[in-house]
Student: 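Sharing a structure here in structure tokens format.
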Number of protein chains: 2
Amino acid sequence: MSKQELEVIGQDAACCPGLSAAPLDEVQAADLAKVFKALGDPVRLRLMSMIASRGEAGEVCVCELTPAFDLSQPTISHHLKLLRQAGLIDCERRGTWVYYWVLPGVLERLAAFLTTPHPARASA
Amino acid sequence: MSKQELEVIGQDAACCPGLSAAPLDEVQAADLAKVFKALGDPVRLRLMSMIASRGEAGEVCVCELTPAFDLSQPTISHHLKLLRQAGLIDCERRGTWVYYWVLPGVLERLAAFLTTPHPARASA
DNA sequence: GGCTTGTATTGACGTTCGTTGATGCAACCT
DNA sequence: AGGTTGCATCAACGAACGTCAATACAAGCC
């Protein structure tokens, strides 16, 4: 039920130069785009928000997520899968229920990627 | 050649509670999702990166962007339009050429949205 | 065992997206 | 004026996406 995510937002190192640091090469862009694409849907953004608002080490049961939407249960399950494949969340089954949480540090690394300034070239 | 963008990432106020602050409502999620969706394509991410790496108040001529890709000129033009409609960049025509730049503060606000912590409820 | 509940997967459908060639428009240059 | 260059728009196509009903799987309970 784990290990299927991307390793894009680096976990260890600073994933990549930063958006403004230098032009991204095709590989970096393709990997990062998957993460942003995962966030680029209203349902998935709300799911992320509902999970993330539980705070550090917080969890949410799927049974709390599904009824918050006007969508079928398979659809919610599908969106959760995409968020997981993007490396944003993970889940664990406990008894009958499945709990989701935000992978620690992912949001911080994404934010850092967006704001890392370019290396204000000394020559200019 | 301007005024067609979203006003999602707030310009003035802090746009919205923050992803982890509280569950997003449908309207906030729909608006924010458009921004992330705009970044959710490898070509657009590279375009953003190429423009952003010019730094504050930096500009890039389209004539520099197009040849960096293995895509037709209309395709690049289309992606630039989407980034502009998402409120991430703007452009101006000067003579024969068109120059693009990143709207100031947008990336910072997006990053803040991702990392704003939830209001560590005092009761817990 | 069989029944029930919670979640994931499958297969299909309509819609949106990324791409292109053709065309249009704006500005420069003789 | 006519020709050329840079960029945007249009119309069309295939691919990817979001959604659902049906089904399968997992775990608890009788």
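Throughout, a chain's letter reflects where its sequence line sits, starting with A, and its residues are numbered from 1. The model shown is predicted, which means the values in this text are computed figures rather than measured ones.
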Student: For B:Leu83 and C:dC17, give me the distance from atom CG to atom C1', rounded to whole Å.
Tutor: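 B:Leu83 atom CG is separated from C:dC17 atom C1' by 14 Å.
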
Student: Before giving the answer on side-chain contact (heavy atoms from CB on, under 4.5 Å), spell out for A:Leu47 and A:Ile89 the whole-Å C-alpha distance, their side-chain angles and the decisive distance to 0.1 Å.
Tutor: CA-CA 10 Å; A:Leu47 286 170; A:Ile89 62 179; over 6 Å; no

Student: If you check the A:Lys81 side chain, which of D:dC7, C:dT7, C:dT9 turns out closest?
Tutor: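 Per side-chain heavy atoms of A:Lys81, the pick is C:dT9.
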
Student: Using a cut-off of less than 4.0 Å, is there contact between a side-chain N or O of B:Tyr100 and OP1 or OP2 of D:dA8?
Tutor: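 Answer yes for this pair, as a side-chain N or O of B:Tyr100 is under 4.0 Å from OP1 or OP2.
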
Student: Write down the distance between CZ (A:Arg84) and C1' (C:dT7), rounded to a whole number of angstrom.
Tutor: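 In whole Å, C:dT7 C1' and A:Arg84 CZ are 12 Å from each other.
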
Student: Listing request: all side chain to side chain donor-acceptor pair (under 3.5 Å) pairs with a residue in residues 18-27 of chain A, at least two apart in sequence or in separate chains.
Tutor: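 Those involving residues 18-27 of chain A do not exist here.
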
Student: Please report the distance, rounded to the nearest Å, between CD1 in A:Ile76 and P in C:dT7.
Tutor: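 Roughly 12 Å, once rounded to whole Å.
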
Student: Do any N or O atoms of the protein come closer than 3.5 Å to N or O atoms of nucleotides 13-20 of chain D, and which pairs are they?
Tutor:
unit_1	atom_1	unit_2	atom_2	d
D:dC17	OP1	A:Lys37	NZ	3.4
D:dG18	OP1	A:Asp41	OD2	3.4
D:dG18	OP1	A:Arg44	NH1	3.3
D:dG18	OP1	A:Arg44	NH2	3.0
D:dG18	OP2	A:Arg44	NH1	3.3
D:dT19	OP2	A:His79	NE2	2.4
D:dC20	OP2	A:Ser72	N	2.8
D:dC20	OP2	A:Ser72	OG	3.0
D:dC20	OP2	A:Thr75	OG1	2.8

Student: The criterion is side chain to side chain contact (heavy atoms under 4.5 Å, CB included); which residues satisfy it with A:Glu108, sequence neighbours excluded?
Tutor: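 With neighbours one apart ignored, the set is A:Glu56, B:Thr115.
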
Student: If you check the B:Thr96 side chain, which of D:dC7, D:dG6, C:dT7 turns out closest?
Tutor: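 So the nucleotide nearest the side chain must be D:dG6.
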
Student: Dump the intermediate steps for side-chain contact (heavy atoms from CB on, under 4.5 Å) on B:Leu110 and B:Phe36, then the final yes or no.
Tutor: CA-CA 9 Å; B:Leu110 243 197; B:Phe36 286 115; 3.6 Å; yes

Student: Mind calculating the distance between CZ (B:Phe69) and P (C:dT20) to the nearest angstrom?
Tutor: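 B:Phe69 atom CZ is separated from C:dT20 atom P by 12 Å.
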
Student: With sequence neighbours excluded, tell me which residues meet side chain to side chain donor-acceptor pair (under 3.5 Å) with B:Ser72.
Tutor: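 Expected list: B:Thr75.
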
Student: Taking only distance into account, with no hydrogens and no angle test, what donor-acceptor pairs under 3.5 Å do side-chain atoms of residues 59-71 of chain A form with protein atoms, sequence neighbours excluded?
Tutor:
unit_1	atom_1	unit_2	atom_2	d
A:Glu59	OE1	A:Arg94	NH2	2.5
A:Glu59	OE2	A:Arg94	NH2	3.3
A:Glu64	OE1	A:Arg54	NH2	2.8
A:Thr66	OG1	A:Val62	O	3.2

Student: Within less than 4.0 Å of OP1 or OP2 of C:dA8, is there a side-chain N or O belonging to A:Ser77?
Tutor: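 For C:dA8, OP1 or OP2 has a side-chain N or O of A:Ser77 closer than 4.0 Å.
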
Student: Could you state the CZ-C1' distance from B:Arg93 to D:dC7, rounded to the nearest angstrom?
Tutor: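 Value for this atom pair: 6 Å.
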
Student: Name all pairs fulfilling the side chain to side chain donor-acceptor pair (under 3.5 Å) condition that reach into residues 35-51 of chain A, sequence neighbours left out, sorted by first residue then second.
Tutor: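 The answer is A:Arg44-A:His79.
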
Student: Expressed in angstrom and rounded to an integer, what is the separation of B:Arg94 atom CZ from C:dA26 atom C1'?
Tutor: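 Value for this atom pair: 16 Å.
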
Student: Within this structure, what is the OH-to-P distance between A:Tyr99 and C:dA8, rounded to whole angstrom?
Tutor: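 My rounded result for the distance is 13 Å.
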
